[in-house]
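Presented below is the structure to which this report refers.
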Amino acid sequence: MNSNHKFLKKPNNTITRNLQRATRNPMNDYHHFKFTPSVWIVPLFLLILIWSVFFFENSFNIDLSSHGILPRTFSGLQGVFFSPFLHGDLNHIANNSIPLFILTTALIYFYRDISLKVLCYGIILSGIITWVIGRNSFHIGASSLIYVLVSFIFFKGMMTQYYRLMALSMAVVLFYGGMIWYVFPSPEISGDKQISWEGHLAGLITGFAFAILFKTPDYKKDIQYNWEKPDFNPEEDAFMKHFDENGNFVNTIVPDEEKSLDYFTIDENVKYSTKQ
């Protein structure tokens with residue numbers, strides 16, 4: 001054998017790939033689901049805002065209902081922005097406060113990147129739809145926004161087919177599924193004020209549209225092992241060959257060609273010297 005050549009062993013590609021997989025984050029969605037201060041600050045801010053407006057009205061005996069949505073009138077367009085923060089009485093604002101806080105919290109936690117879009121655009125679009133289809137009376141309250149959140153969280157979770165978001169969708173149905181009956185025309189009366197089913201329907205339509213339009217990351221689990229691949233064939237896997245049909249471990253004879261080591265050579269002069 002020529003002494004002017006070095007012998008270098010080929011690196012084991014399988015080991016290299018396994019090391020790369022081991023350093024990879026096992027789930028690519030962990031950074032999407034983090035509890036940060038914004039998760040509770042934004043919902044709390046919305047509650048403080050609507051309750052501040054309510055206390056202002058009652059403290060100074062002012063009725064701001066005229067700033068709500070008055071369908072198909074130019075002045076009524078201001079209600080698109082103001083109506084979610086106006087409420088008729090204590091019962092009205094109390095019924096909206098808890099679901100608004102819970103659903104906004106869930107939205108920001110699970111859909112952080114698009115949460116502000118859903119909130120802001122949801123208020124505007126649901127308000128415009130209410131302005132178009134509503135009856136000739138002032139429409140006020142945060143219920144339209146609540147229906148936007150319920151609709152978006154439910155439909156988006158089912159569309160992603162990701163188990164966490166689908167579980168959230170099921171929880172929304174469990175707690176707020178009965179709200180679906182209030183999107184249809186009904187003579188039902190709450191006190192002396194008619195329920196704005198048009199606002200509810202507008203929120204439902206808006207949330208569904210956002211679930212289709214707004215994109216979310218792929219929450220699928222990263223493939224770490226060969227057996228997680230769709231095209232995995234256990235009969236061709238080297239490790240699985242060590243088990244018989246009953247699942248018992250058996251020693252297999254390794255062919256001589258698999259035992260041999262592969263080498264390659266490079267041309268490089270090697271100088272040998274001895275110290276006296």
Side-chain angles (χ1 to χ4, degrees), residues 37-108 115-152 175-176 178-179 181-183 185-207:
S38 62
V39 173
W40 60 270
I41 288 177
V42 174
L44 183 61
F45 173 76
L46 288 176
L47 286 188
I48 292 175
L49 185 57
I50 65 174
W51 278 95
S52 297
V53 173
F54 180 76
F55 283 125
F56 175 80
E57 286 186 275
N58 286 270
S59 298
F60 296 95
N61 197 23
I62 299 176
D63 185 7
L64 298 178
S65 298
S66 59
H67 295 282
I69 298 175
L70 186 59
R72 296 172 299 280
T73 64
F74 182 77
S75 61
L77 282 173
Q78 63 177 326
V80 170
F81 304 97
F82 297 144
S83 63
F85 310 105
L86 305 175
H87 292 83
D89 52 37
L90 182 61
N91 186 56
H92 188 197
I93 191 173
N95 289 336
N96 284 343
S97 295
I98 295 178
L100 180 63
F101 183 86
I102 294 175
L103 293 169
T104 306
T105 300
L107 175 72
I108 298 174
S115 58
L116 290 181
K117 291 182 181 179
V118 173
L119 289 172
C120 296
Y121 296 159
I123 291 174
I124 296 174
L125 183 56
S126 64
I128 292 176
I129 296 176
T130 303
W131 184 83
V132 173
I133 68 174
R135 290 161 292 173
N136 187 25
S137 60
F138 290 104
H139 298 254
I140 59 174
S143 56
S144 293
L145 178 58
I146 292 173
Y147 272 83
V148 171
L149 298 176
V150 169
S151 178
F152 174 81
F175 289 102
Y176 302 108
M179 294 171 57
W181 302 112
Y182 297 98
V183 301
S186 172
E188 184 171 357
I189 302 297
S190 176
D192 61 343
K193 303 291 181 66
Q194 289 187 341
I195 294 175
S196 177
W197 63 267
E198 299 95 332
H200 300 169
L201 179 60
L204 180 68
I205 295 173
T206 300

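All values derive from a computational prediction rather than experimental measurement.
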Give me the atom names and distance for the closest heavy-atom approach of [X] to [Y].
| X | Y | answer |
| --- | --- | --- |
| G68 | F138 | O-CD2, 4.1 Å |
| P84 | I123 | CG-CG2, 3.6 Å |
| L64 | L86 | O-CD1, 3.2 Å |
| P99 | I146 | CG-CD1, 3.9 Å |
| L100 | A142 | CD2-CB, 4.4 Å |
| A202 | S126 | CB-O, 3.3 Å |

> Are side-chain heavy atoms of N96 and I50 found at a separation under 4.5 Å?
Replying inline: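 SC-SC contact between N96 and I50 ruled out.
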> What class does the angle between the rings of H200 and Y147 fall in, given that below 30° is parallel, 30 to 60° is tilted and above 60° is perpendicular?
Replying inline: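 Geometry flag for Y147 against H200: parallel rings.
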Give a yes or no answer on whether the side chain of [X] reaches the backbone of [Y] with a donor-acceptor pair at less than 3.5 Å.
| X | Y | result |
| --- | --- | --- |
| S151 | L204 | yes |
| W131 | T73 | yes |
| S144 | G199 | yes |
| R72 | G134 | yes |
| E57 | F54 | no |

>> Testing the 3.5 Å rule here: is there a donor-acceptor pair between the side chains of H139 and T130?
In response: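 Judged by distance alone, the side chains do not pair up.
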>> Counting only heavy atoms not in F101 (residues, nucleotides, ligands), do more than 12 fall under 6.0 Å from its CZ?
In response: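 Above 12, so yes.
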>> Rounded at 0.5 Å granularity, tell me how far SG in C120 sits from CG in L145.
In response: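 Going from SG on C120 over to CG on L145, the span is 9.5 Å.
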